[in-house]
Chemist: 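Sharing a structure, written as structure tokens. Questions coming.
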Amino acid sequence: MSAGLHDHFADQLRGIDDRMRAGFEFWPWGHRDRMRVLVERQLARKGKRLRSLFGLMCGELLGGTPERTQPLAAAVELYHAASLVLDDVQDNAVFRDRDQAVHVSENVSNAINLACIVRSFAHYPLHGCDLTLPEKDGVRRELDLMATLVPLGQSMDIGWHQGWYDYRSVPYEELIRLKTGAPFACVAAGAAVTSGKDSGTRAEMERLGYRVGMLYQLVDDYNDMFLHDDAAVPSDLTEGKFTRPVAILIGLLCAADREDLAEQVASRLKQPDDDGSRWILDLMSAHSVAARLEKEIRGSAAGIERDVAALSSGGREATDRMTEFVRSLAAMVGERPHPGAAQSLS
């Protein structure tokens with residue numbers, strides 16, 4: 001992500017970090033010292049703060065005051081931090097960035113409790129903020145909606161592994177719209193609320209947020225599948241994940257009347273081994289899946305840029321910054337994560 005954007009909003013991002021600590025500072029921890037350490041450690045994991053950055057730019061894009069987007073941005077970051085802990089438990093991931101996942105370094109019970117506590121803190125930035133009561137009600141509605149949609153999306157992801165869907169019926173687009181797109185949609189719609197915009201603009205901003213979040217997931221899927229050493233097998237294949245490269249491959253095979261091969265891809269994905277994973281990679285190479293996904297990412301980014309221009313009421317500089325943000329997301333294709341990192345963008 002562009003360093004210039006982070007620099008421009010540095011003060012605002014620090015304000016969001018301060019608001020994220022509201023719940024932590026409120027509680028007298030006493031004999032709960034170990035959980036206090038775990039919570040503080042989780043709050044210190046800053047990541048890229050893309051949802052916060054996007055929320056600030058949405059407020060600016062609509063001609064509002066970025067400071068007024070801080071409370072909801074902080075709430076979404078706290079919710080996201082809690083979701084990462086739960087995702088690691090559900091995916092049985094060993095690492096999160098450079099560190100062991102919490103359920104590995106501690107245990108599953110403490111990881112779940114940690115996630116519950118951090119998620120509860122998502123409401124604290126809204127309690128003491130200076131938004132009006134109608135604005136608080138509006139942004140709480142967006143937060144509550146997101147809090148339902150993200151686990152619904154995660155349930156679809158888990159459902160693939162549990163046999164809820166065959167290869168023809170996996171709701172991939174809906175899955176990523178809910179799981180990854182909903183937090184971006186939340187801060188975008190919330191920016192419309194705090195900028196005093198009408199329900200129509202709110203809905204348009206929500207749609208923009210979903211599209212930005214889905215673009216982010218496409219980039220994640222690309223990097224997880226195609227950025228690996230030649231001798232290595234991508235973790236998305238060893239973990240049997242149904243991602244966009246798999247969806248593209250299966251779609252191409254079905255279009256070519258090779259449903260027998262499509263069924264084999266799904267079967268080997270559900271019972272992964274190195275030979276089967278490399279066979280899938282060879283099929284992807286033969287059908288230029290990487291190039292097709294790169295083209296899809298570029299097309300998605302271009303469409304979002306057009307939407308940004310149509311929605312902007314905050315002036316040329318605000319439009320340019322949001323356009324830079326979208327282009328930076330698309331340009332993350334090809335960025336290698338740290339070798340010990342969990343294979344997802346945070």
Chemist: Is Leu86 reachable from Leu43 through a run of hydrophobic residues whose side-chain heavy atoms are each under 4.5 Å from the next?
Modeler: no
Chemist: More than 12 heavy atoms of other residues, nucleotides or ligands under 6.0 Å from CD of Glu25: yes or no?
Modeler: yes
Chemist: Drop me the distance from Phe184's CZ to Leu215's CG, to the nearest 0.5 angstrom.
Modeler: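 Answer rounded to 0.5 Å: 9.0 Å.
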Chemist: Val246 and side-chain contact (heavy atoms from CB on, under 4.5 Å): which single residue from Ile248, Ile250, Leu249 fits?
Modeler: Ile250
Chemist: Is the backbone of Arg68 close enough, under 3.5 Å, to the side chain of Thr65 for a donor and an acceptor to pair up by distance?
Modeler: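 No; zero donor-acceptor contacts below 3.5 Å.
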Chemist: Using the side chain to side chain donor-acceptor pair (under 3.5 Å) rule, collect all pairs that involve residues 206-215, keeping only residues at least two apart or in two chains.
Modeler: Arg211-Asp307
Chemist: Does any part of the side chain of Arg244, heavy atoms only, come nearer than 4.5 Å to the side chain of Met225, both counted from C-beta?
Modeler: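 Side-chain contact under 4.5 Å: no.
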Chemist: Would you compute the distance between atom NE2 of His6 and atom CG of Leu53 and round it to the nearest 0.5 angstrom?
Modeler: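 Reported to 0.5 Å precision, the distance equals 5.0 Å.
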Chemist: Identify whether Leu283 and Tyr167 are in the same connected component of the hydrophobic contact network (ILVMFWY, side-chain heavy atoms under 4.5 Å).
Modeler: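 Linked, Leu283 and Tyr167 end up in one cluster.
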Chemist: As a quick check of understanding, evaluate side-chain contact (heavy atoms from CB on, under 4.5 Å) for Leu13 and Leu56, giving each step before the final call.
Modeler: CA-CA 9 Å; Leu13 292 170; Leu56 292 169; 3.9 Å; yes
Chemist: Could you tell me whether the side chain of Trp27 and the main chain of Arg36 form a donor-acceptor pair under 3.5 Å?
Modeler: no
Chemist: Give the cluster check for Leu252 versus Met284: same hydrophobic cluster or not, with ILVMFWY residues linked at side-chain heavy-atom distances below 4.5 Å.
Modeler: yes
Chemist: Centre-to-centre under 6.0 Å for Phe325 and Phe54, is that the case here?
Modeler: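 Judged by ring-centre distance (under 6.0 Å), Phe325 and Phe54 do meet the cut-off.
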Chemist: Could you give me the CA-CA distance, side-chain angles and deciding distance for Leu143 and Leu126, then say whether side-chain contact (heavy atoms from CB on, under 4.5 Å) is met?
Modeler: CA-CA 10 Å; Leu143 185 64; Leu126 301 176; 4.1 Å; yes
Chemist: Could you grab the distance from atom CD of Glu77 to atom CG of Leu50, nearest 0.5 Å is fine?
Modeler: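 It is 8.0 Å, given to the nearest 0.5 Å.
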Chemist: Verify, without hydrogens or angle tests, whether Ser267 (side chain) and Gln264 (backbone) share a donor-acceptor contact under 3.5 angstrom.
Modeler: no
Chemist: Tell me the side chain to side chain donor-acceptor pair (under 3.5 Å) pairs involving residues 269-290, sequence neighbours left out?
Modeler: none
Chemist: Which class fits the ring pair Tyr124 and Phe121: parallel under 30°, tilted 30 to 60°, perpendicular over 60°?
Modeler: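 Geometry flag for Phe121 against Tyr124: perpendicular rings.
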Chemist: Quick one: pull up CZ in Arg19 and CG in Leu78 and give me the separation to the nearest 0.5 Å.
Modeler: 12.0 Å
Chemist: With distance as the sole test, does Thr69 use its side chain to make a donor-acceptor pair with the main-chain N or O of Pro66 at under 3.5 Å?
Modeler: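 Checked: pair present.
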Chemist: Between CG of Leu178 and CE of Met214, what distance do you get to the nearest 0.5 Å?
Modeler: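 Leu178 atom CG to Met214 atom CE measures 9.0 Å (nearest 0.5 Å).
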Chemist: Using atom types as modelled and distance alone, determine if a side-chain donor or acceptor of Asp88 lies under 3.5 Å from a backbone N or O of His103.
Modeler: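 Looks like no, no N/O pair under 3.5 Å.
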Chemist: I need the full list of side chain to side chain donor-acceptor pair (under 3.5 Å) pairs touching residues 172-198, with sequence neighbours left out, sorted by first then second residue.
Modeler: Gln154-Lys179, Asp157-Lys179, Tyr172-Asp221, Glu174-Arg177, Thr180-Gln217, Asp198-Thr201
Chemist: Please check if Leu84 and Val89 belong to a single hydrophobic cluster, counting links between Ile, Leu, Val, Met, Phe, Trp and Tyr side chain heavy atoms closer than 4.5 Å.
Modeler: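 No: no chain of side-chain contacts under 4.5 Å links Leu84 to Val89.
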Chemist: Would you find a donor on one side and an acceptor on the other, under 3.5 Å apart, between the side chain of Ser300 and the backbone of Glu296?
Modeler: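 Judged by distance alone, no pair lies under 3.5 Å.
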Chemist: Is Ile158 reachable from Val150 through a run of I, L, V, M, F, W or Y residues, each pair having side-chain heavy atoms under 4.5 Å apart?
Modeler: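 No, because Val150 and Ile158 fall into different hydrophobic clusters, even though each may have its own neighbours under 4.5 Å.
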